[in-house]
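Below is one structure, written out as structure tokens; comments come after it.
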Amino acid sequence: MKFSVKLKTLFSAVTAVLVLSAVLNSCDNLMADLEAVAPCAKQYYFEKFMKYGVMYYFQNLDDDEYTDDVETMYLYGTPGELTTAAAEYRCGFTAQPFEQKTITENTVIEIYYTRNRHTVTHEDNLDNEDKGVPAAQE
């Protein structure tokens with residue numbers, strides 16, 4: 001009985017650390033936080049949650065190739081389940097459809113953004129006099 005109470009208390013403390021880490025947006029320090037609170041819980045949560053990457057690729061201005069953004073987002077999920085990556089709004093770009101993947105040790109989601117291109121044309125239907133061009137001298 002004492003063991004189950006201690007175990008329940010341990011996992012309540014670990015859950016509190018997970019919630020606090022998520023609130024403070026310090027998911028990269030998640031494993032260090034778990035190690036500090038309860039070393040034996042690290043392995044338990046490592047089996048429950050796995051880190052995966054989301055890479056963003058943006059279409060170049062000069063060609064149709066893509067360049068990867070310097071930032072890679074890391075998320076956590078349950079091994080064997082699907083990722084929960086989402087495209088972010090990026091001004092001047094449109095995210096292309098992508099598929100979620102099953103979470104494993106080396107899962108990386110790639111999201112491609114095409115550059116929004118706009119063509120601006122100006123039509124001039126005015127004759128020369130209306131444009132301020134002087135009339136021909138006689």
Sequence neighbours left out, what passes side-chain hydrogen bond (donor to acceptor under 3.5 Å, both in side chains) with [X]? Give chain and number order.
{"X": "N116", "value": "T94"}
{"X": "Y113", "value": "none"}
{"X": "D64", "value": "Q59"}
{"X": "T114", "value": "Q96"}

Calculate, to the nearest 0.5 Å, the distance between atoms [atom1] and [atom2] belonging to [X] and [Y] respectively.
{"X": "R117", "Y": "L61", "atom1": "CZ", "atom2": "CG", "value": "6.5 Å"}
{"X": "I103", "Y": "K51", "atom1": "CD1", "atom2": "NZ", "value": "13.5 Å"}
{"X": "Y57", "Y": "E65", "atom1": "OH", "atom2": "CD", "value": "13.0 Å"}
{"X": "M55", "Y": "Y74", "atom1": "CE", "atom2": "OH", "value": "8.0 Å"}
{"X": "K101", "Y": "E110", "atom1": "NZ", "atom2": "CD", "value": "6.0 Å"}

Those residues that, when tested against F93, pass ring-ring contact (aromatic ring centres under 6.0 Å, His included) (two or more places apart):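 Checked F93 against ring-ring contact (aromatic ring centres under 6.0 Å, His included); matches are F58.
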Shortest non-hydrogen contact from [X] toward [Y]:
{"X": "M50", "Y": "P79", "value": "CE-CG, 3.7 Å"}
{"X": "I111", "Y": "A95", "value": "CG2-CB, 4.5 Å"}
{"X": "V54", "Y": "A85", "value": "CG2-CB, 3.8 Å"}

Partner set under side chain to side chain contact (heavy atoms under 4.5 Å, CB included) for E99, not counting sequence neighbours: none
Shared hydrophobic cluster, F49 / L82 (ILVMFWY, side-chain heavy atoms < 4.5 Å): no
Partner residues of E88 under the salt bridge (Lys or Arg N to Asp or Glu O under 4.0 Å) criterion, sequence neighbours left out: R90
Those residues that, when tested against D62, pass salt bridge (Lys or Arg N to Asp or Glu O under 4.0 Å) (two or more places apart):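 D62 satisfies salt bridge (Lys or Arg N to Asp or Glu O under 4.0 Å) with no residue once adjacent residues are dropped.
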Heavy-atom side-chain contact between L75 and T83 under 4.5 Å: no
Donor + acceptor pair across side chains of Y52, T102 (<3.5 Å):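 Side-chain D/A pair, Y52 to T102: absent.
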